[in-house]
Amino acid sequence: MDFIDLKKQQARIKPQIDAGIKRVLAHGQYILGPEVAALESQLADFGKAKHVMSCASGTDALLLPLMAWGIGPGDAVFCPSFSFAATAEVIALVGAEPVFIDIEPSSYNICPDSLSRAIDHVISEGRLRPRAIIAVDLFGRPADYVRIAEIAANNALYLIADSAQGFGSTLGGNHPLNWAHVATTSFFPAKPLGCYGDGGAILTNDDELSLIMRSLANHGKGRDKYDNVRIGTNSRLDSIQAAILIEKLAIFPDEIAARQRIAARYNAALANHVMRIPAIGNDHVSTWAQYTIEVTDPAAMAQALAAKSIPSARYYPVPIHRQSAYSEYECEGGQLSATDFASQHVISLPMHPYLSESDQDTVLKAVIGAANQQAA
Ligand SMILES: *Cc1c(COP(=O)(O)O)cnc(C)c1O
């Protein structure tokens, strides 16, 4: 059993993927070929965005809007610490300071109350200028965009939805971009919508921002690529990866539906056996990048599962604010207790759209057995 099985998905669409790659090899436009524009327009349809720009990674997708807005030294950007390092890394890379916000214990997403307090604190201190918020759709579950967008608007802050794990998630049928200035995703192979290498995309409804980000991703080009009007970088999605993603996007809604069925089955079986099962808002849809529960001792649980050849993973045992590279940055209230608690108790179980019911049952039996042992 694989933690995330990419082979079964590939077997399902192998002829289409082979044909797509073959087409790129035939026309030879490896950079910015027709597949890139086609994918961007399909992603815009899917994500209800006016503009989509593909780029080299989910990290660059976060970096480019910060660069476009001129965020830098003296600026504060608010983000959760319970996330992949890239969320905070891009803030430090542009010379601004990440301010770490605690999570809601039930969703693992940025806590609007902790966020409000942090903004007030930064304003009253006067050392940094609040500029933006990066909310993360952790494990695929959309953040509380209704409240976060209100806080962003009240404080004139930009809002980025880091949907690297949650691209395709919705709240009341709306994508995070409905509330955010920018939504980003990653096509890293293990993400819900992944390619066969690195890649990312940025969604926005802002015409001006879209133009600036396209320039930044192509060495700050102006009229053409030998006219450089700003300091940019090189951040593009390969045509071959776009060709692969076109085929994967075609089955993505079906895969999201399959993930809902598996998560519901996991939830029903585990509800009375572990400390916490993932709760999703009534009209919210998670992409279930991870199916994550809380247990007393996740290390012991991982060992018990491994003994039965069941893979598991722990995201994230050391939150970003406790990483040595980020130790100088501020945490809201001086400590992030919900973040620390989650980091010590979460464990993620095998989850992908092709996980058979018998494999699900094998996982459930082993988890329940190990959980009962921890309770005893
Ligand atoms: C994976 C991930 C990223 C970075 O994506 P890459 O494509 O690996 O650069 C950013 N944020 C979150 C929450 C992620 O999970």
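When a ligand or atom number is given, it counts from 1 through the structure's own listing order. Index from 1, following the sequence. Everything numeric here is computed off the predicted structure, so don't read it as measured data.
Of the listed residues (Val136, Asp60, Asp162), the one carrying the non-hydrogen atom nearest atom 11 (N) of ligand 1 is Asp162.
Interface atoms of ligand 1 facing Thr59, defined by a heavy-atom separation under 4.0 Å, are 4 (C), 5 (O), 6 (P), 9 (O). If you number the atoms of ligand 1 from 1 as listed, the ones under 4.0 Å from a heavy atom of Ala164 come out as 2 (C), 3 (C), 10 (C), 11 (N), 12 (C), 14 (C), 15 (O). For ligand 1 and Ser57, the ligand atoms under 4.0 Å from any heavy atom of the residue are 7 (O), 9 (O). The atoms of ligand 1 that sit less than 4.0 Å from any heavy atom of Ser83 are 13 (C). Within the listing of ligand 1, atoms 4 (C), 10 (C) sit less than 4.0 angstrom from a heavy atom of Ala86. Each of the atoms 4 (C), 5 (O), 6 (P), 7 (O), 9 (O) of ligand 1 lies under 4.0 Å from some heavy atom of Gly58.
For atom 8 (O) of ligand 1, the nearest protein heavy atom (residue, atom name, distance) is Ser186 OG, 4.0 Å. Of the protein's heavy atoms, Lys191 NZ, 2.6 Å lies nearest to atom 2 (C) of ligand 1.
Looking only at distances, a side-chain donor or acceptor of Ser81 sits under 3.5 Å from a matching main-chain atom of Ile320. Between the side chain of Asp137 and the main chain of Ala143, a donor-acceptor pair closer than 3.5 Å is present.
Judged by the 6.0 Å and 45° rule, Lys248 forms no cation-pi pair with Phe167.
The pair Lys8-Asp2 does not meet the salt-bridge criterion, since no charged nitrogen lies less than 4.0 angstrom from a carboxylate oxygen.
Side-chain contact check for Phe139 versus Tyr108: some heavy-atom pair is nearer than 4.5 Å. Between Asp60 and Val90 there is no side-chain heavy-atom pair separated by less than 4.5 Å.
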I'd like to know whether Tyr158 forms a ring pair (Phe, Tyr, Trp, His ring centres under 6.0 Å) with His181, so could you lay out the CA-CA distance, the side-chain angles of the two residues, the decisive distance to 0.1 Å, and finally the verdict.
CA-CA 6 Å; Tyr158 292 115; His181 296 97; 5.5 Å; yes
